[in-house]
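Please read all numbers here as calculations on a predicted model, not as lab measurements. In what follows, chains carry the letters A, B, and so on, assigned in the order in which the sequence lines appear, proteins first and then strands, with residues in each chain numbered from 1.
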Amino acid sequence: MRMSKSFTPTLKEVPADATVASHQLLVRAGYIRQLAAGIYSILPLGQRSILKITAVVREEMNAIGAQEFYLPALNPREIWEESGRWTMMGENMFRLKDRKGADLCLAMTHEEVFTVLARAELRSYRQLPQAWYQIQTKFRDEPRPKSGLLRVRQFTMKDSYSFDLDRAGLDKSFEDHRQAYVRIFGRCGLKTIQVEAHSGAMGGSGSTEFMVPTDAGEDLIASCENCGYAANTEKAESQVDTTDKYKAAGESPPLEEFATPGVLTIEALSAKPYGVTADQQLKTLVYVGDDKPVIAIVRGDDQLNEAKLQTASGASVLRPAHPDEIQRWMGARPGSLGGVGLSGKGLRIFIDRRLAGLTGLVTGANRDGFHLRNVSVPRDLSHATSADLRMVNAGEGCPRCGSPLTVAKALEVGHIFKLGTRYSETMGARVLDESGKETPIVMGSYGIGIERILAGAVELHHDGDGIRMPMSIAPLHVALLPLQMQDGAVRDAAERLYRKLTDAGVEVLLDDRDERAGVKFKDADLIGLPLRIAVGKKGLAEGKVEWKQRGANEVDLIALTEVVARAQSAVRDGGGRLSR
RNA sequence: CGGGGCGUAGCGCAGCCUGGUAGCGCGCCUGCCUUGGGCGCAGGAGGUCGGAGGUUCGAAUCCUCUCGCCCCGACCA
């Protein structure tokens, strides 16, 4: 590839709207350009990297016996109605109508379409197991696209689906995918950790996320260095103190209402005249789960974890209640809410399990400007269901071994689900088993965000000068820089090297522009190809060129005759592939 | 959806408060010069100031509405 004839628009300045490193660098290095919020054009350098990534993905998927498909992104409403997700997906799904007025959507994922194929064609257990995948564009109308390629509305996903006769088969398919994912991310230069995850709108019994630890990520993961426990904080548990710290001496005193005019927050109630510490208070939050009120109670200094409330309540769609809904159901405004006295009103109430058995607590009275003291959970909140609702914090005890947990930000690059029969039952995908009995197919679903691999690699591999692409997914292997274009010998030597390297299967970006050496060095560093070969007058006089690895500090002078062999082995050693 | 910020040349920005002929840097084009870390000099092209309406003799600037983008939160497979 010749720089002089390529579209590689590099930028000297940082784009104003880019905040994370991968976004800034991918734009500056000419890999991507933004078209609209969360919608990006992939430029030639970006596309070359994407193709490298998808090649790795294909190899590893094929290696576990998965077969590649290509399914429609444009879906009819009907199949999404069948699975129940036409409404469940809510605002996050792009919807449109055709000329006849029929409803269509842009697929966010492909359980429905693959299940339609499976139910139409899979009839016998003899046809199982199957593993099907595709690499395809997904559309999600994210409420808030951000961070360049990290959170977008249109992106490429490798999604695969397994079809098995029983749970044991699913376990095997799931494990195959886990191993394939470990290889894929490893080969792409990503360090990932596997964490237990919340299954969300996918349904199913369990899921594992593959996370790249980086501050650019949006997820929080809790992990234990001692025993290896790791979970997304949407799901993570911890060991916390549950002693009955505020228990009154002797008999439990009766509930007592007291006036708290203008007190609407935990902090206000813990301040001056009241002095009720946050850990003595109950925080009461009102949600709407599948159009019904759901009330959650956690300790005043704890944070409600909405994913956990969703799990506990079994709701498929959960949102905070509006102020008027709260007023209607609770009889008071936020700030004076409580769970006491709500039994028999048809409200579903959940209380965090750390509060079980505690007494001497304070909560809102469901009367504006009043709170209750002497609250006893076993006595006054027995109508509430105990569940794990709270967000874990760093330093709390690992649920397995008790060692302190670490909490860190991470980027989700893959997610594998055991779906079970969630889709095969609702959509009627069944096979006959050995005994001739109809049984729903047991499914799994497995996703990888392709552009996120690219962005994640840049987050992990860059420095002040630009990107440091891993060999395996770099757009090309070598930046070849003739430093003095006005010198015929330099030009000729570079051209000969370009030809020889290319013939040897090494992918070369020849910077044959009539630019000064400094410009070429800067652009090469920015673009981040793993190898740099500089051809200069001085070295050439001795038959030598400069060899430098992008990340290295030292520069080697090597003989022209060594270049090809050395480049070939560097490509191989770096996990790359020669192109012929 | 709540809060904040920003839309002025391809990119990054100033000008707006206090209305009066639209500017700077980078990039781009031409010439000279230079030639190993984003050279130097000279000349040049390029803007309906996001859009609509209003106030005014006059609007990038003031007012109203609207669209878009970014950040924080909420939300999120």
Side-chain angles (χ1 to χ4, degrees), chain A residues 9-20 23-24 27-28 30 33-39 85 88-93 107-111 138-148 150-153 155 157 159 197-204 207-210 218-219 232 234-235 285 287-288 303-304 306-307 310 316-323 412-417 419 422 445-449 452 464-466 481-487 490 511 513-526 532 534-540 545-546 548 555 557:
Chain A
T10 56
L11 261 30
K12 220 183 263 192
E13 287 170 296
V14 179
D17 51 10
T19 50
V20 301
H23 187 194
Q24 295 178 348
V27 171
R28 283 191 57 210
R33 284 291 184 271
Q34 184 180 55
L35 180 64
I39 306 177
R85 295 207 291 183
M88 189 193 298
M89 289 310 190
E91 301 267 80
N92 252 24
M93 190 153 71
M108 307 171 66
T109 173
H110 279 80
E111 280 74 17
K138 301 285 189 272
F139 298 89
R140 297 180 185 180
D141 195 0
E142 292 289 343
R144 192 179 154 211
K146 58 180 286 200
S147 305
L150 295 183
R151 181 155 220 84
V152 292
R153 297 194 291 173
F155 62 99
M157 177 185 267
D159 49 321
H198 175 67
S199 301
M202 295 294 300
S207 73
T208 299
E209 286 172 331
F210 287 76
E218 302 184 280
D219 283 288
N232 193 306
E234 290 182 344
K235 175 126 195 263
L285 301 132
Y287 278 76
V288 181
Q303 198 83 36
L304 172 71
E306 291 186 6
Q310 182 176 20
S316 55
V317 179
L318 188 73
R319 64 164 172 86
H322 302 308
E412 177 187 354
V413 290
H415 200 161
I416 57 180
F417 299 87
L419 296 176
R422 156 77 178 80
S445 152
Y446 317 88
I448 288 179
R452 274 193 184 178
D465 293 319
L481 313 183
L483 297 180
Q484 299 93 5
M485 287 300 284
Q486 71 285 357
D487 185 316
V490 168
D511 195 346
R513 295 174 301 172
D514 188 14
E515 291 284 356
R516 299 166 64 87
V519 172
K520 296 187 180 185
F521 286 135
K522 289 289 185 190
D523 270 345
D525 288 345
L526 222 207
R532 186 185 87 189
V535 182
K537 258 193 297 204
K538 282 176 282 180
L540 204 56
V545 295
E546 276 174 31
K548 183 174 178 296
V555 179
L557 264 184

By nearest atom, which of the nucleotides [options] is closest to the [X] side chain?
| X | options | value |
| --- | --- | --- |
| K538(A) | A74(B), G36(B), C71(B) | G36(B) |
| K146(A) | G36(B), G38(B), C72(B) | C72(B) |
| Q486(A) | U35(B), C70(B), A74(B) | U35(B) |
| R144(A) | G36(B), G73(B), G38(B) | G73(B) |

(request) Indicate whether any N or O donor in one side chain lies under 3.5 Å from an N or O acceptor in the other, for K146(A) and H23(A). (result) no
Please name the nucleotide paired to [N] by Watson-Crick or G-U wobble geometry with both distances under 3.5 Å, or report none.
| N | value |
| --- | --- |
| G58(B) | none |
| C39(B) | none |
| C26(B) | G10(B) |
| C33(B) | none |
| C65(B) | G51(B) |
| G46(B) | none |
| G19(B) | none |

Mind calculating the distance between [atom1] ([X]) and [atom2] ([N]) to the nearest angstrom?
| X | N | atom1 | atom2 | value |
| --- | --- | --- | --- | --- |
| E91(A) | C1(B) | CD | C1' | 10 Å |
| E218(A) | A74(B) | CD | C1' | 13 Å |
| L150(A) | C71(B) | CG | C1' | 15 Å |
| L318(A) | A74(B) | CG | P | 14 Å |
| E142(A) | C70(B) | CD | P | 13 Å |
| D17(A) | C71(B) | CG | C1' | 11 Å |
| D514(A) | G38(B) | CG | P | 17 Å |
| Q34(A) | C71(B) | CD | C1' | 13 Å |

[atom1] gap between [N] and [M], integer Å:
| N | M | atom1 | value |
| --- | --- | --- | --- |
| U64(B) | A59(B) | C1' | 15 Å |
| G27(B) | G10(B) | C1' | 7 Å |
| U34(B) | G40(B) | P | 15 Å |
| U61(B) | U21(B) | P | 14 Å |
| G47(B) | C62(B) | P | 25 Å |
| U8(B) | A22(B) | C1' | 8 Å |
| C33(B) | C41(B) | P | 16 Å |
| G25(B) | A45(B) | P | 15 Å |

(request) Report the residue (H23(A) or D219(A)) whose heavy-atom-nearest nucleotide on RNA chain B is the more 5′ of the two. (result) H23(A)
(message) Go nucleotide by nucleotide along RNA chain B from the 5' end; which of E209(A) and T10(A) gets its closest nucleotide reached first?
(response) T10(A)
Determine the contact category for [X]: base if any of its heavy atoms lies under 4.0 Å from a base atom, sugar-phosphate if only primed atoms, P, OP1 or OP2 are that close, otherwise nothing.
| X | value |
| --- | --- |
| R140(A) | base |
| R532(A) | base |
| S207(A) | nothing |
| A36(A) | sugar-phosphate |
| R28(A) | base |
| D487(A) | nothing |
| M485(A) | nothing |

Rounded at 0.5 Å granularity, tell me how far [atom1] in [X] sits from [atom2] in [Y].
| X | Y | atom1 | atom2 | value |
| --- | --- | --- | --- | --- |
| D511(A) | R532(A) | CG | CZ | 11.5 Å |
| Q34(A) | D17(A) | CD | CG | 5.5 Å |
| E412(A) | E218(A) | CD | CD | 10.0 Å |

Quick check: closest heavy atoms across [X] and [Y], and the distance to 0.1 Å?
| X | Y | answer |
| --- | --- | --- |
| G38(A) | P145(A) | CA-CB, 3.6 Å |
| L304(A) | L285(A) | CB-CD1, 3.7 Å |
| A18(A) | Q24(A) | O-NE2, 3.1 Å |

Taking side chain as C-beta onward, heavy atoms only, is [X] less than 4.5 Å from [Y]?
| X | Y | result |
| --- | --- | --- |
| K138(A) | M108(A) | no |
| K537(A) | L483(A) | no |
| E111(A) | R85(A) | yes |
| M485(A) | E515(A) | no |

Are there any protein N/O atoms within less than 3.5 Å of an N/O atom in nucleotides 39-47 of chain B, and if so, which ones and at what distance?
{"residue": "C39(B)", "atom": "N1", "partner": "R516(A)", "partner atom": "NH1", "Å": "3.4"}

(message) Counting neighbours of CD on Q486(A) that are heavy atoms of other residues, nucleotides or ligands and sit closer than 6.0 Å, is the number greater than 12?
(response) yes
For nucleotides 8-11 of chain B, which of its nitrogen or oxygen atoms have a protein nitrogen or oxygen under 3.5 Å away, and what is each distance?
{"residue": "C11(B)", "atom": "O2", "partner": "E13(A)", "partner atom": "OE1", "Å": "3.2"}

(message) Keeping K520(A) on the side-chain end and R513(A) on the backbone end, is there a donor-acceptor pair under 3.5 Å?
(response)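 Pair found, side chain donor or acceptor close to backbone of R513(A).
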